[in-house]
Amino acid sequence: MTENMRSLRNFFLYKCLFALTFWNHISLSMANELFKSDSNDFPEDGSDKKIKSLPLLYTNSHQSKANFDWVVIQNTTESLSLSEITNDNVKKLVALLSNFRQGSRLQNLTLTNMSVDWDALTEVFQTVWHSSIEYLNINSLTQLLDIKSYDFDYSGTSMKELTIKKVLITDLYFSQNDLYKIFADMNIAALTIAESEMIHMLCPLSNSPFKYLNFLKNDLTDLLFQNCDKLVQLEKLILQKNKFESLSKVSFMTSRMKLLQYLDMSNNLLSHDAADVQCRWAESLTELDLSSNQLTDSVFECLPVNIKKLNLQNNQITSVAKGMAELKSLEELNLASNRLADLPGCSGFMSLEFLNIEMNLILTPSADFFQSCPRVKELQAGYNPFKCSCELQDFIRLERQSRGKLLHWPEAYVCEYPEDLRGTQLKDFHLTELACNTTLLLVTALLLTLVLVAVVAFLCIYLDVPWYVQMTWQWTQTKRRAWHNHPEEQETVLQFHAFISYSERDSLWVKNELIPNLEKGEGCVQLCQHERNFIPGKSIVENIINCIEKSYKSIFVLSPNFVQSEWCHYELYFAHHKLFSENSNSLILILLEPIPPHIVPARYHKLKALMAKRTYLEWPKERSKRALFWANLRAAISINLPISFEANEEQSDVTSTSSLSEYVNS
């Protein structure tokens, strides 16, 4: 009986040991009721029998939290995610993690909402460091009390990457070195401490294996890693959203990072003074992000010479001056959201393949961009306030020749100016070649001007415009002199019934027929004749004007000889001018001989118009009709003059002046 009891006891002990061993292997699989066993957990062929997940000892999260005080978020053989870690359950977490020695399958551990003190955190770190875990992620870490120096054992670890986000330290009095030292000397490839208000980070004491450092959204300043030569393996450094101010100090920070290839300094307060100290970058740096800072044109004097990808988006750059930078290896350049007024040239960027210059102040981009940048494969130039003008036509033609090199065409390329074209896509904007080609426009304008001048000259010659201009000028001058010499004489007093205008070749008819029949007999008519009434000393034109103005009527003896006389034309012009200026019916036309139309000069268009519109008296060849002719003529010029000028008879044969002789001869 005793022997049987001893055998049963040994059997029970073996069962307990087996259960304990089994628990150690399946502790990773403790999760809530969502993670239940399934036939799919094992391969169909059953050859490997590899466990993907194991059933929980407790069937719901309430029981799980009651026993372990944490919540299981994810549970597989390779990944474990737990939440709500506190000082009360951190010992149980350490005990759980202690079972995953190196060689076990657990590689990824995520701890969310941790609220522990410094000792508990370092104990978790130390346990993880000697486990099979390679990737540790901690989100929302708070209540780090009693921070003090800790002698951390980094030896024999499988850890590769540590990520900590949203750290809140409630301890007010502690040594910063005690906090940062444990992280600075970690022997892992990648470290991320983000959104944690971290103000500094120590330089490692020895050559560090860090290849990746991410200090996103902290309070780091220009003091970071100055004179630090231990980051010899670092390839990628992210310092986005911190408080760096000096670009030159950032460059000196990288100068000792011999393998650094990527640096993200976006969303800081960086600026660079051209008069500042010279920059010294890591020669290995090929990708640099300086977007969303306070950089100006001088930034091109402080850039890595071997850079291939450069992001300068959202700064205050207004131009890229030629010779400012010699970045022969630069392949990608992002200048979006700056203040550039034109596309930059490629004099310093001979290897440039991609350029982003969206959302700048470009009105009319240069059309020779692709010629100056032959290697560019893609150009983003949309969302600029384009001014639709002739200069833009060349850029639109450039798009057709670029064969798709303009990205986001055509929706991102819209006219902003002028107002009536706002919203019009550049592909729909067109101007004629004449409107945009200055040379063609000048040649066309010149040709039109020459044609216009030729037409005007022809019309002037055909219509004798210069002659009329000259006559108008002389009439104006005569009136001006008369007013200047006798300003008190406001009105001209009529002295003659009619002024006679005739050609000297028709003078026999005038002297033998016209004058005797009008000046003698009943109703004596006072006639103004140039031979007896022109005043010596005055010009012929002035005498003509005075005689016409002092006469009630103007009689024109028309014949082929009349249209050939220059002075007769003058007299007709001034009489016609009086007709319109005084609105009077003062012209009497006597057709002495028929006038063939072809012999009338072009400048006699007034005579043609008068003969077409006004009634004229025709000198009859039959003597029987002449009495009626003289009666009609007397009736046309009948008027009572203010006074009788008997002295007119005494003013005869006054032809002594040379000008009058010229008048008579014509």
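Side chains included, hydrogens not; waters and symmetry mates left out as well; all remaining heavy atoms used.
Looking at heavy atoms from C-beta onward, V376 lies in side-chain contact with F369 at the 4.5 angstrom threshold. Between V90 and V124 the shortest side-chain heavy-atom distance falls below 4.5 Å. In this structure, I362 and L343 have side chains that are in contact, with non-hydrogen atoms separated by less than 4.5 Å. Under the 4.5 Å side-chain criterion, counting only non-hydrogen atoms from C-beta, L259 is in contact with Q233. At least one side-chain heavy atom of W281 sits less than 4.5 Å from a side-chain heavy atom of L263. With a 4.5 Å cut-off on side-chain heavy atoms, R339 and Q316 count as touching. Between L290 and N311, every side-chain heavy-atom pair lies at or beyond the 4.5 Å cut-off. Using a 4.5 Å heavy-atom cutoff, the side chains of N227 and R256 are in contact.
For the atom pair F386 CZ and T364 OG1, the distance stands at 10.0 Å (nearest 0.5 Å). Rounding to the nearest 0.5 angstrom, the gap separating the CG atom in L202 from the CG atom in L224 is 10.0 Å. Note: S266 OG to N315 CG = 10.5 Å, rounded to the nearest 0.5 Å. Note that CE of M159 is 9.0 Å distant from CG of L191, once rounded to the nearest 0.5 Å. Atoms CG and CD, from N137 and E161 in turn, are 7.0 Å apart once rounded to the nearest 0.5 Å. Note that OG1 of T157 is 7.0 Å distant from NE2 of H130, once rounded to the nearest 0.5 Å.
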D171/F174 under side-chain contact (heavy atoms from CB on, under 4.5 Å): CA gap, chis, key distance, verdict: CA-CA 7 Å; D171 195 352; F174 64 94; 4.0 Å; yes
List the steps and the verdict of side-chain contact (heavy atoms from CB on, under 4.5 Å) for I169 and I147. CA-CA 9 Å; I169 301 175; I147 298 176; 3.8 Å; yes
With side-chain contact (heavy atoms from CB on, under 4.5 Å) as the criterion, how do L216 and T192 come out once you've worked through the C-alpha distance, each side chain's angles and the decisive distance to 0.1 Å? CA-CA 8 Å; L216 168 71; T192 297; over 6 Å; no
Kindly determine whether N99 and L97 satisfy side-chain contact (heavy atoms from CB on, under 4.5 Å), including the steps that lead there. CA-CA 5 Å; N99 293 301; L97 298 178; over 6 Å; no
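If you check the side chains of E235 and Q261, you find no donor sitting under 3.5 Å from an acceptor. Checking S104 against S132 by side-chain atom types alone, a donor-acceptor pair falls below 3.5 Å. For the residue pair D297 and T318, a side-chain donor N or O sits within less than 3.5 Å of a side-chain acceptor on the partner. Between the side chains of N314 and S292, a donor-acceptor pair is found at a separation under 3.5 Å. No hydrogens or angles considered: nothing links the side chains of S175 and N177 as a donor-acceptor pair under 3.5 Å. Between D342 and S366, the side chains place a donor N or O and an acceptor N or O closer than 3.5 Å (distance only, hydrogens not considered).
Looking at D219 and K243, a side-chain N of the basic residue comes within less than 4.0 Å of a carboxylate O on the acidic one, giving a salt bridge. Contact check on E134 versus K160 returns a salt bridge, with a Lys/Arg side-chain nitrogen under 4.0 Å from an Asp/Glu carboxylate oxygen. Between K308 and E287 there is no salt bridge, since no side-chain N of the basic residue sits under 4.0 Å from a carboxylate O of the acidic one.
Closest heavy-atom contact between S246 and D222: N-OD2, 3.3 Å. Of all heavy-atom pairs spanning C388 and L421, the tightest one is CB-CD1, 3.9 Å. Nearest heavy-atom pair across P344 and L335 is CG-CD1, 4.2 Å. For the pair M114 and I138, the tightest heavy-atom approach, listed with the atom from each and the gap, is SD-CG2, 3.8 Å. When every heavy atom of L361 is checked against every heavy atom of N384, the shortest pair comes out as N-OD1, 3.5 Å. Nearest heavy-atom pair across F225 and M257 is CD1-CE, 4.0 Å.
Heavy atoms of other residues, nucleotides or ligands lying less than 6.0 angstrom from CZ of R375 number 12 at most. More than 12 heavy atoms of other residues, nucleotides or ligands lie within 6.0 Å of CG in D420, so this atom counts as buried by the packing criterion. Counting heavy-atom neighbours within 6.0 Å of K309 NZ, excluding the residue itself, gives a total of 12 or less. Dense packing is recorded around NZ of K230, with more than 12 heavy atoms of other residues, nucleotides or ligands lying under 6.0 Å away. The neighbour count for E283 CD, taken as heavy atoms of other residues, nucleotides or ligands under 6.0 Å away, does not exceed 12.
For the pair E331 (side chain) and L310 (backbone), a donor-acceptor distance under 3.5 Å is absent. D289 places no side-chain N or O within 3.5 Å of a backbone atom of M265 that could act as its donor or acceptor partner. Looking only at distances, a side-chain donor or acceptor of Y413 sits under 3.5 Å from a matching main-chain atom of A381. Between the side chain of S271 and the main chain of Q294, no donor-acceptor pair closer than 3.5 Å is present. A side-chain donor-acceptor contact under 3.5 Å links N268 to the backbone of L239. For N218 (side chain) and E197 (main-chain N/O), a donor-acceptor pair under 3.5 Å exists by modelled atom type. Panel note: side chain S351, backbone K328; a donor-acceptor pair is recorded below 3.5 Å. Judged by distance alone, the side chain of D264 and the main-chain N or O of I238 form no donor-acceptor pair under 3.5 Å. Without hydrogens or angle criteria, N360 side chain to N338 main chain gives a donor-acceptor distance under 3.5 Å. Remark: the backbone N or O of D153 is paired with a side-chain donor or acceptor of Q126 at under 3.5 angstrom.
Remark: K236 fails to qualify as a cation-pi partner of Y212 under the 6.0 Å distance and 45° angle criteria applied to the six-membered ring.
Aromatic ring orientation, F349 versus F300: tilted (interplanar angle from 30° to 60°).
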Would you mind writing out the side-chain donor-acceptor pairs for residues 181-190 within the sub-3.5 Å range, not counting sequence neighbours?
residue	atom	partner	partner atom	Å
D185	OD1	L205	N	3.0
N187	OD1	W129	NE1	3.0
N187	ND2	Y154	O	2.7

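Screening residues 120-133 for salt bridge (Lys or Arg N to Asp or Glu O under 4.0 Å), with sequence neighbours left out, gives K91-E123.
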